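Report on the structure given below.
Every number for a ligand or one of its atoms is a count from 1 in the order of the listing. Keep in mind that what you see is a predicted model, and the values were worked out from it rather than measured.
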Amino acid sequence: MTLRVPMVDLPSQYRPLRAQILAAVTRVTESQQFIMGPETAALEAELESMLGVEHAISVSSGTDALLLALMALGVGPGDDVVMPVYSFFATAAAAVRLGATPVFVDIEPDSFNVDVAQIPPVLSSRTKALLPCHLFGLSADLDSLLTLASRASIPVVEDAAQAIGATCGSRPVGGFGAFGCFSFYPTKNLGAFGDAGLLTTNDAGLASRARRLRVHGMDARYVHTMVGGNFRMDAMQAAILRVKAPHLPAWTEARRQHAARYRRMFHEAGLTGTVVLPVEPPDRRHVFHQFVIRVDERDALKRHLDARGIGSEVYYPVPLHLQPAFASLGGRPGDFPRAERAARESLAIPIHAELSCDQQQLVVDAIGEFVKGPRGSP
Ligand SMILES: *Cc1c(COP(=O)(O)O)cnc(C)c1O
């Protein structure tokens, strides 16, 4: 069954770009140069100017961007990496894979981002990096975080996987910390046709370390000065991303307009007392990778929407301290009450650029029906 309102609509995004994308793919197949090369170099230069950073380093995925950032900073066994407890698994896995310990911090009561005020008590001589995530497309409170980080002389790595184009005080995220990490997973705001990611930095020394680690720590040809990995981007992904990247500002604007329209619709339907809408502080530009509402009886609402062909998704049902893979860290229910509450109440509803006004009305009407009607009845 095709959904009346899908969570994402990649075919509609692809259709108008089809000819250009096929031309880009043909360019790569004709060149027979598949790994890095001129396409990734051109993409890197284009993204450097778009994101306002000195160095953009194309990589194999957002996950690998995080791993590479921590490797370049020398994070290893015995080190702590401080991060929000409410994020995608990859944020914490990057630290764990290097033998470091993720140290979790609860989120703000109104946004889904790290509560910077709760960071100082967990800092110690072991703290090797702060790893905020700009969750759902909203910048974390970077002003407070960077002040704290520079006082403590701890580098910041931004997990900007969901926030390409988001700003804090008019500057794009990803350029504030030692490193910014982006993902071009197909359903991200800028998506490749497979896995791809980006690492950004304004530090020439860190950039050259990261570039070397990206190719197995190779310095001169087949002479390796460090143990890195294969974190390279395919030329095919770079060529496709070069077609799509110029459209990102318009797609982002469409997402923002949809968000504003949702706000009006929820308000007009008298639902704002029951449905908590996402916040957008005045100094930050939200790019709405997700439009995440909070409701009691979230699971019943999701079933109600499913039954009506309306897509929705729970990001994330399990906070990081309760993930089975991190059981050895000793996290317990109750440790991070705000994140645990968000995990129970949050529901992402469709916000992709191609969404129509009528589809948004269907979503809001269906939610209104659930809120006002007899609970749980189909
Ligand atoms: C998508 C995502 C990642 C990982 O990116 P991949 O390209 O899928 O490896 C990391 N962190 C966050 C917050 C993400 O949303």
Side-chain angles (χ1 to χ4, degrees), residues 7-8 10 40 43 47 56-71 81-98 102 104-105 107 111-114 129-140 142 145 156-166 173-174 177 179-200 214 229-234 236-238 240-241 244-245 248 255 278 286-292 313-320 323 325-326 339 342-343 346 348 351-352:
M7 273 302 275
V8 291
L10 293 181
T40 57
L43 175 71
L47 293 177
I57 302 166
S58 60
V59 294
S60 33
S61 69
T63 298
D64 287 344
L66 289 163
L67 188 63
L68 191 49
L70 297 184
M71 284 176 96
V81 179
V82 174
M83 64 184 71
V85 72
Y86 199 63
S87 183
F88 179 56
F89 183 75
T91 314
V96 174
R97 286 173 67 185
L98 295 172
F104 299 126
V105 175
I107 55 175
S111 87
F112 294 94
N113 283 329
V114 67
L130 302 184
L131 179 40
C133 178
H134 309 306
L135 203 64
F136 305 143
L138 174 68
S139 168
L142 284 174
L145 189 107
V156 172
V157 174
E158 300 171 63
D159 183 341
Q162 301 188 359
I164 192 164
V173 300
F179 283 112
C181 304
F182 294 88
S183 166
F184 302 125
Y185 182 79
T187 59
K188 293 281 159 75
N189 287 22
L190 176 58
F193 281 21
D195 279 312
L198 190 79
L199 190 60
T200 54
R214 175 173 62 171
N230 168 5
F231 302 126
R232 302 172 303 225
M233 185 191 281
D234 289 347
M236 198 77 86
Q237 300 307 338
I240 291 166
L241 285 166
K244 295 183 73 174
L248 181 65
R255 287 173 182 270
H286 201 318
V287 296
F288 293 100
H289 174 58
Q290 301 293 352
F291 189 91
V292 178
E313 194 58 72
V314 176
Y315 300 110
Y316 294 92
V318 182
L320 294 172
Q323 288 291 348
F326 300 144
S346 61
I351 187 82
H352 55 83

When you check ligand 1 against the protein, what N or O pairs turn up below 3.5 Å? List the atom names and distances, or just say none.
residue	atom	partner	partner atom	Å
ligand 1	5 (O)	S183	OG	3.3
ligand 1	7 (O)	G62	N	2.8
ligand 1	7 (O)	S183	OG	2.6
ligand 1	9 (O)	G62	N	3.4
ligand 1	9 (O)	T63	N	2.8
ligand 1	9 (O)	T63	OG1	2.5
ligand 1	11 (N)	D159	OD1	3.4
ligand 1	11 (N)	D159	OD2	2.8
ligand 1	15 (O)	Q162	NE2	2.8
ligand 1	15 (O)	K188	NZ	3.1

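Residues L142 and H134 have side chains in contact (heavy-atom distance under 4.5 Å, counting atoms from C-beta outward). Residues P84 and N113 fail the side-chain proximity criterion, which asks for heavy atoms closer than 4.5 Å. Two residues are said to be in side-chain contact when any heavy atoms from C-beta on lie closer than 4.5 Å; P278 and F136 fail this criterion.
Side chain of Y86 to main chain of Y315: a donor-acceptor pair is present (N/O by atom type, distance under 3.5 Å, no hydrogens or angles). R214 places no side-chain N or O within 3.5 Å of a backbone atom of M233 that could act as its donor or acceptor partner.
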In residues 182-200, what donor-acceptor pairs under 3.5 Å come from side-chain atoms, sequence neighbours left out?
residue	atom	partner	partner atom	Å
S183	OG	Y185	N	3.1
N189	OD1	H289	ND1	2.8
N189	ND2	V287	O	3.1
T200	OG1	G174	O	2.8
T200	OG1	G180	N	3.4
T200	OG1	G180	O	3.3

